[in-house]
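In what follows, a single structure is set out as structure tokens and then discussed.
We use all heavy atoms of the structure for the numbers below, so side chains are in, but hydrogens, waters and symmetry mates are not. We number each residue from 1, following the sequence as shown.
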Amino acid sequence: MSCCVYVVVNPEGRTCTGQTEDLQRRLAEHNDPQCRLSRQTNKHRGPWRLLHWEECPSRTEAMKRESQLKSGAGRRFIRCLLNEIEVRDK
């Protein structure tokens with residue numbers, strides 16, 4: 001079964017990275033203040049919107065990619081995505 005890795009961002013520019021089998025459901029959970037599965041996104045205000053996602057062939061591969069995105073190089077990649085959006089929105 002395929003999974004995807006995603007990055008969501010809130011209006012303050014905070015990001016949250018994760019992996020799921022159902023991206024639409026997971027995004028709805030991030031934006032639901034009653035959902036207890038999202039400590040990070042409940043702690044910081046939303047609305048959270050999808051910044052980036054990648055499909056992976058398995059949960060194992062998705063977890064590896066999630067770890068990469070949470071590393072220094074991955075955070076730089078995400079920062080570049082945020083900068084591109086800021087430039088595009090101006």
Less than 4.5 Å apart, any side-chain heavy atom of [X] and any of [Y]?
{"X": "R49", "Y": "V8", "value": "no"}
{"X": "H30", "Y": "C16", "value": "yes"}
{"X": "H52", "Y": "F77", "value": "yes"}
{"X": "V9", "Y": "I78", "value": "no"}

How long is the span from the [atom1] atom in [X] to the [atom2] atom in [Y], to the nearest 0.5 Å?
{"X": "D22", "Y": "L27", "atom1": "CG", "atom2": "CG", "result": "10.5 Å"}
{"X": "R14", "Y": "W48", "atom1": "CZ", "atom2": "CH2", "result": "7.5 Å"}
{"X": "S58", "Y": "Q19", "atom1": "OG", "atom2": "CD", "result": "10.0 Å"}
{"X": "T15", "Y": "L69", "atom1": "OG1", "atom2": "CG", "result": "10.0 Å"}

For P47, does its backbone N or O pair with a side-chain atom of N31 as donor and acceptor, under 3.5 Å?
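Here the side-chain-to-backbone pair does not exist.
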
Non-neighbouring partners of T17 that pass side-chain hydrogen bond (donor to acceptor under 3.5 Å, both in side chains), sequence neighbours left out:
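Here no residue qualifies.
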
Would you say E12 has more than 12 foreign heavy atoms packed within less than 6.0 Å of its CD?
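More than 12 heavy atoms, drawn from other residues, nucleotides or ligands, come within 6.0 Å of this atom.
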
For residues Y6 and L23, report the shortest heavy-atom separation together with the two atoms involved.
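Where Y6 meets L23 most closely, the heavy atoms are CB-CD1, 3.7 Å.
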
Do you know the tightest heavy-atom contact between V5 and C56?
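For V5 versus C56, the nearest heavy atoms are CG2-SG, 3.8 Å.
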
Quick one, V7 with L50, criterion side-chain contact (heavy atoms from CB on, under 4.5 Å). Give me CA distance, side-chain angles, the key distance, then yes/no.
CA-CA 6 Å; V7 180; L50 191 60; over 6 Å; no

Enumerate the salt bridge (charged side-chain N to carboxylate O under 4.0 Å, His left out) contacts for residues 62-74, please, sequence neighbours excluded, ordered by first and then second residue.
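Residue pairs passing salt bridge (charged side-chain N to carboxylate O under 4.0 Å, His left out), neighbours aside: E54-R65, E61-K64, E66-K70.
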
Going by an N to O cut-off under 4.0 Å, is there a salt bridge joining E21 and R59?
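A salt bridge is present here (some side-chain N lies under 4.0 Å from a carboxylate O).
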
